[in-house]
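Have a look at the structure that comes next, please.
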Amino acid sequence: MKKKDIQDKTAGPAENDKIKSLAPHTTDATGKLMTTDHGLAINDDQNSLVAGERGATLLEDFIFREKLTHFDHERIPERVVHARGSGAHGVFKLYEPLESLTKAGFLNETEVETPVFVRFSTVAGSKGSTDLARDVRGFAVKFYTQQGNFDLVGNNMPVFFIQDAMKFPDLVHAVKPEPDNEIPQAASAHDTFWDFISLMPESTHMIMWLMSDRAIPRSYRMMEGFGVHTFRFINNKGEANFVKFHWKPLLGVHSVAWDEAQNISGKDPDFHRRDLWEAIESGAFPEWELGVQIVAEKDEFKFGIDLLDPTKIIPEEQVPVQRVGKMTLNRNPDNFFAETEQVAFHVGNVVPGIDFTNDPLLQGRLFSYTDTQLIRLGGPNFHEIPINRPIVPIHNNQRNGFMRQSINKGKVSYGPNSIGDNDPQQVKEADGGFVSYEERIDAKKVRSRSKSFFDHFSQARLFFFSQSEPEKNHIVDAFSFELGKVKTIAIRERMIGILSLVDKGLAAEVAFQLGLKVPEELEQPINRSIPADGDPADYQPEQVEGVVKKSAALSMADTAKESIVSRKIAILAADGFDAQSLNTVKDTIVAAGGVVHVIAPKLGVIVASDDTFIAVDESFLTAASVLYDAVYIPGGTNSVATLEAEANAIHFLNEAFKHCKAIAADTQALQVLEATYFFKKLPEDFSEESVLTEGIVISDDGSTLAALFVKAIAQHRFWNREKPRLVPA
């Protein structure tokens, strides 16, 4: 059975509908005769039409001109932000109907699988940048529902840098490469970004997230997603509740180390893209649960924050996240450009039962997305591109424009009309027509911001205090690295002043790393985002203490750590390895869902001490520890001796230890560990308790070693050994 057949069997009925809708636009890569774009059979696609064998190319060669013209125009403008992305198809399945909250069909029909297309992305870099930049990650989901497309366009962080979309161009201009020299690419560690941030205290909460490990995820499959904004659910009775959307990964929320991220960028800049693709191809389908936080309208001001402020969260201790359904990504795109690159998300694509709030950032996005797609995808008909088409028919009086795909018959393209029986007709609310929520508005037109938006530090403080000690250390290191790249001392000092309003200790540690002192008085006014005629005193950030002092959900320390599914484990071996030692551990890892690569001094095969052999997946020339989650060294006298003398193997182990990964070795391979820099720092006792503290497993019993090793891999990292056990690598 072909893999495509297997995938089709795993798809639900609704997903198959979407697959069928794409089918007329999908062609196989083989088995077809070559034609021009107009269907003319091509006899020679390799040679231009010339005047004699050594003569000039003739202008009349229309086949050459069509081929070159298409090539010249096959690159569309890349996205201004979120340019580098990866996509996948999948399905969403609801657990229980939400009829008391919303009339949205896909949130009330448990028997229906709603097809989805998801695009993950970095934000600041260009299409050619690395996956492992310290950056926000886009997390956009297109639901192809029976009421039209619903796009949940979010990020892997629940808040944003700014409160008003008016500031979005400034933010992007600041974080992008500096315009005089186009440096640096896909990096926020430069003067213009931190100049902007240090003058905008509303960015403080988001910058804490950006300097945390959330900005360098282990994979797209191991990061959360958030709708960022507060939306509304509306039920059939017209009753409304506020809602915030969450995506919770079933593999847990995990990150890499910053030093590791930089190395991965050099070894495999496509690390996240490759990880997603390979996981889906192997059948290890990524899964997330959709969660919602529901707030009744009467409780809008209950939590000490403004729900319309996109720089704020509702702590889960105050409003728990209800998990209402599961999304599974089970099919890779057939063509990256046609699907992942041309997919057009829009925060304004909603369905009956979901509506907007007056969040000023959300309101600006409602304009910006359509405007962007018009220029990027060539005109107003981007919705007709196959990946963007809904699974329900489209009927309206919109016509013509660049790249129109629909052929509309008849005289009528207006309404009301009598010639065409007033077709298409408007839909009553009772029959599923979308009706905007009736919100009373009684206000003056002003350019102003509510004072309820002026608390910029209580939630930044909440985030920092909620982190584990290793996570706090990483935040200090991140600020020190980023601000260390800033050349203007005044910007560094101003930013340390901002940090002092979050935590004096944090500011002092960063200041020490930069050779500066925490300023006794902050540069005034702190907030430069004020009207020209405004009084700076009216725009001073308030010192508000949040109701919640600490939130476990904000730390990755207690994330899911039960599974090693799709984790990549390196086995270092050479000729003369102990086959039983290697196979026992390998089989246990594979049975638990892990992926094993055998790494040796050279490619080909390696021969065991019993004359059996195993294929080598990578050599030390192409492999790197940063591409794996854990390392194992089997026994075997000759193999161990070879690895002990192999500098690349010792470096591989030192680097894996530096990045806090699980390491296991057969007792026969102890001399390889003894050759490493880190071995002398290890405790002498390798009991199960020490294994789950240090992440080092040594045993001469293969089954015991394998079981402990799997437990250690599931812990992801052993961050507590990071500072006391720091080693060069």
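No experiment lies behind these values; they were computed from the predicted model shown. Throughout, residue positions are numbered sequentially from 1 according to the sequence presented.
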Those residues that, when tested against F454, pass ring pair (Phe, Tyr, Trp, His ring centres under 6.0 Å) (two or more places apart) |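 Once residues adjacent in sequence are excluded, the partners of F454 under the ring pair (Phe, Tyr, Trp, His ring centres under 6.0 Å) criterion are Y539.
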S551 and E317 side chains, donor-acceptor separation under 3.5 Å |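 S551 and E317 do have a side-chain donor-acceptor pair below 3.5 Å.
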Is the number of heavy atoms from other residues, nucleotides or ligands within 6.0 Å of NZ (K127) greater than 12?
->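 Count over threshold, so yes.
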For D151 and H346, indicate whether the former's side chain and the latter's backbone hold a donor-acceptor pair under 3.5 Å.
->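 Side chain of D151 to backbone of H346, a donor-acceptor pair under 3.5 Å: yes, one is there.
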Ignoring hydrogens and angles, state whether a donor on the side chain of K244 or T230 is under 3.5 Å from an acceptor on the partner side chain.
->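 There is such a pair between these side chains.
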Side chain to side chain donor-acceptor pair (under 3.5 Å) assessment of H190 paired with T192 = CA-CA 6 Å; H190 57 100; T192 59; 3.0 Å; yes
Heavy-atom donor-acceptor pair, H254 side chain to M222 backbone, under 3.5 Å =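 Checked: no pair found.
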Determine whether the side chains of N358 and E439 contain a donor N or O and an acceptor N or O closer than 3.5 Å.
->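 Yes, because at least one side-chain N or O of N358 sits under 3.5 Å from a partner of the opposite role on E439.
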Just by modelled atom types, is the E178 backbone N or O under 3.5 Å from a matching donor or acceptor in the H173 side chain?
->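 Flag not set: sc H173 to bb E178 has no pair under 3.5 Å.
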Give a yes or no on whether F434 atom CZ has more than 12 heavy-atom contacts from other residues, nucleotides or ligands under 6.0 Å away.
->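 Atom CZ in F434 is crowded, with more than 12 foreign heavy atoms closer than 6.0 Å.
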Closest contact, heavy atoms only, Y437 versus G238 =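 For Y437 and G238, the tightest heavy-atom pair comes out as CE1-O, 4.1 Å.
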Heavy-atom neighbours of E438 CD exceed 12 at 6.0 Å |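 Open: at most 12 neighbouring heavy atoms sit under 6.0 Å from CD of E438.
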Does any donor atom in the side chain of N156 or E224 lie under 3.5 Å from an acceptor atom in the other side chain?
->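 No, because no side-chain N or O of N156 sits under 3.5 Å from a partner of the opposite role on E224.
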Does D455 use its side chain to pair, donor to acceptor, with the backbone of S458 at less than 3.5 Å?
->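 Checked: pair present.
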Tell me whether the guanidinium CZ or amine NZ of K142 lies under 6.0 angstrom from the six-membered ring centre of F345 and within 45° of its axis.
->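 Cation-pi check for K142 and F345: passes.
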Do NZ/NE/NH1/NH2 and the carboxylate oxygens of K312 and D309 come within less than 4.0 Å?
->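 Judged by the 4.0 Å cut-off on N to carboxylate O distance, K312 and D309 do form a salt bridge.
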Between F245 and F226, ring centroids under 6.0 Å |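 No, they do not, as the ring centres are separated by 6.0 Å or more.
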Quick check: does any side chain N or O of R137 sit under 3.5 Å from a backbone N or O of D135, one acting as donor and the other as acceptor?
->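 Judged by distance alone, yes, a pair lies under 3.5 Å.
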Can you name the nearest heavy-atom pair linking A296 to N241, along with the distance?
->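 In this case the closest contact between A296 and N241 is CA-OD1, 3.2 Å.
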Side chains of T357 and D359: do they bring a donor and an acceptor to under 3.5 Å?
->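 Result is no, nothing qualifies.
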Contact summary for F382 and N388, nearest pair of heavy atoms =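 Shortest heavy-atom contact: O-ND2, 3.0 Å.
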Atom NZ of K93: over 12 foreign heavy atoms under 6.0 Å |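 Check passes, neighbour count above 12.
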What are the two closest non-hydrogen atoms of R365 and H229, and how far apart are they?
->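 Of all heavy-atom pairs spanning R365 and H229, the closest is NH1-NE2, 2.7 Å.
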Which atoms form the tightest heavy-atom contact between A83 and E78, and what is the distance?
->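 Answer, listing the atom of A83 first, then E78: CB-OE2, 3.8 Å.
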Go through the structure and list residues passing salt bridge (Lys or Arg N to Asp or Glu O under 4.0 Å) with E99, not counting sequence neighbours.
->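 By the salt bridge (Lys or Arg N to Asp or Glu O under 4.0 Å) rule, E99 matches no residue at all.
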Do any N or O atoms from the side chain of R119 and from the backbone of T340 form a donor-acceptor pair under 3.5 angstrom?
->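 Looks like yes, one N/O pair under 3.5 Å.
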When you check the side-chain N and O atoms of W194 and E482, is any donor under 3.5 Å from an acceptor?
->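 A donor-acceptor contact under 3.5 Å links the two side chains.
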So, S555 and E471: side-chain donor and acceptor under 3.5 Å apart, yes or no?
->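 On atom types as modelled, these side chains qualify, holding a pair under 3.5 Å.
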Flag if over 12 foreign heavy atoms under 6.0 Å of CD1, I394 |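 Yes.
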F120 ring center within less than 6.0 Å of W288 ring center =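 Judged by ring-centre distance (under 6.0 Å), W288 and F120 do meet the cut-off.
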Return the minimal non-hydrogen interatomic distance between L94 and V324, and the atom names on each side.
->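 Scanning both residues, the minimum pair turns out to be CD1-O, 3.3 Å.
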F463-W209 aromatic ring centre distance below 6.0 Å =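 That pair passes the under 6.0 Å test.
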Using a strict 4.0 Å threshold on nitrogen-to-oxygen distance, state whether R221 and E287 make a salt bridge.
->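 Salt bridge flag = no for E287 with R221.
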Distance-only side-chain donor-acceptor flag, H89 / E339, under 3.5 Å |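 Distance-only check passes for H89 and E339.
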Should E300 and F242 count as side-chain neighbours, where that means a heavy-atom distance under 4.5 Å?
->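 Yes - at least one pair of side-chain heavy atoms lies under 4.5 Å apart.
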Presence of salt bridge, K167 and D170, under 4.0 angstrom =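 The answer is yes: the pair qualifies as a salt bridge.
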Flag the pair K103 and E239 as a salt bridge only when some basic side-chain nitrogen lies within less than 4.0 angstrom of an acidic carboxylate oxygen.
->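 Result for this pair is no, no salt bridge flagged.
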Crowding at CZ, F367 (>12 non-hydrogen neighbours, <6.0 Å) =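 No, not enclosed.
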